[in-house]
Amino acid sequence: MSIAEQSPGDAPLDAALRDEIAAVARHAEQKRAAGTDALKLVQKRFGYISDRHLAEVAALLEMTPAELDGVATFYNLIFRRPVGRHVILLCDSVACWVMGEAAARAQIRDRLGIKPGETTADGRFTLLPIVCLGHCDHAPAMMVDEDQYGDLDAARLDAILERYR
Ligand code: FES
């Protein structure tokens with residue numbers, strides 16, 4: 001593989017990041033909590049958690065990669081594959097489903113050309129499903145990165161997508 005083909009997930013964790021993870025591990029009461037926090041640190045730097053990074057973090061936390069992968073799977077804001085610059089998490093639990101999640105999903109497909117699990121060709125957005133965001137009284141609801149949105153109708157959804165470049 002040439003240098004140009006290397007993804008950020010192939011780079012080793014640097015000393016500063018390893019120190020931050022070690023500090024998280026020292027202060028955590030449970031490995032599982034440390035795992036989530038450590039993975040968030042790595043994701044903040046690299047955008048997602050590669051297999052290589054999963055193994056490195058697991059070693060630092062004295063967990064097996066499989067155990068840590070279980071933490072990552074449990075916490076669905078940890079991404080195990082590269083994602084776009086912005087991640088749309090569209091709630092597909094029952095209240096949102098009843099209130100029009102399918103229409104929002106169809107609109108995202110029409111505007112951005114992506115289905116759940118896909119990333120736009122320009123790397124701008126990844127669309128992922130998510131379980132209830134606790135925003136049911138404003139269903140259908142979604143998050144874009146850290147921002148929560150509800151009452152998604154066609155005009156509002158278009159306006160929200162425009163905010164993320
Ligand atoms: S069901 Fe979608 S926010 Fe609760």
Side-chain angles (χ1 to χ4, degrees), residues 7-9 17 20-21 24-25 27-51 53-54 57-58 61 63 65-165:
S7 79
L17 194 47
E20 280 187 77
I21 292 167
V24 162
H27 290 107
E29 290 185 7
Q30 293 181 338
K31 275 186 184 179
R32 192 180 189 96
T36 307
D37 288 345
L39 291 174
K40 280 196 221 166
L41 285 172
V42 175
Q43 182 164 288
K44 194 168 172 199
R45 173 81 65 88
F46 295 98
Y48 75 108
I49 307 297
S50 66
D51 288 345
H53 291 161
L54 185 86
V57 174
L61 299 180
M63 299 169 80
E67 282 175 321
L68 188 59
D69 204 17
V71 172
T73 305
F74 179 77
Y75 186 75
N76 53 16
L77 296 181
I78 297 290
F79 309 127
R80 289 284 282 117
R81 286 187 292 167
V83 291
R85 290 195 301 285
H86 305 290
V87 177
I88 302 168
L89 296 162
L90 184 63
C91 174
D92 64 0
S93 289
V94 66
C96 290
W97 181 70
V98 168
M99 294 299 289
E101 176 269 344
R105 183 160 30 90
Q107 187 175 343
I108 290 169
R109 186 198 58 218
D110 291 348
R111 301 291 192 271
L112 303 177
I114 51 173
K115 301 192 296 272
E118 294 180 347
T119 298
T120 56
D122 62 1
R124 182 175 160 212
F125 285 113
T126 294
L127 173 63
L128 296 171
I130 194 165
V131 294
C132 181
L133 293 165
H135 207 41
C136 319
D137 48 341
H138 293 282
M142 70 176 186
M143 290 184 73
V144 182
D145 303 333
E146 306 289 317
D147 309 319
Q148 185 156 291
Y149 298 101
D151 302 316
L152 299 173
D153 58 22
R156 181 162 159 72
L157 183 51
D158 274 342
I160 292 166
L161 295 177
E162 267 309 299
R163 288 180 206 168
Y164 297 88
R165 288 275 153 202

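Just so you know, ligand 1 is whichever comes first in the structure, and atom 1 is the first atom listed for that ligand. Computation of the quantities below employed the complete heavy-atom set of this structure, encompassing side-chain atoms and omitting hydrogens, waters and symmetry-equivalent molecules. All values derive from a computational prediction rather than experimental measurement.
Against a heavy-atom cut-off of under 4.0 Å, Cys91 is close to the following atoms of ligand 1: 1 (S), 2 (Fe), 3 (S). When each atom of ligand 1 is checked for a heavy atom of Ala95 under 4.0 Å away, the hits are 1 (S). Counting atoms of ligand 1 from 1 in the listed order, those under 4.0 Å from a heavy atom of Cys136 are 1 (S), 3 (S), 4 (Fe).
For atom 4 (Fe) of ligand 1, the set of nearby N, O or S atoms under 2.8 Å includes none belonging to His135. Atom 4 (Fe) of ligand 1 has an N, O or S atom of Cys132 closer than 2.8 Å.
In this model, no donor atom of one side chain and acceptor atom of the other lie less than 3.5 Å apart for Asp145 and Tyr164.
The structure places CG of Asp147 at 9.5 Å from CE of Met142, a figure rounded to the nearest 0.5 Å.
The residues Arg156 and Asp151 are annotated as not salt-bridged, no charged nitrogen and carboxylate oxygen being separated by less than 4.0 angstrom.
You'll find the side chain of Leu54 reaches within 4.5 Å of the side chain of Arg80, heavy atoms only.
Shortest non-hydrogen contact noted between Leu90 and Ala104 is CD1-CB, 4.2 Å.
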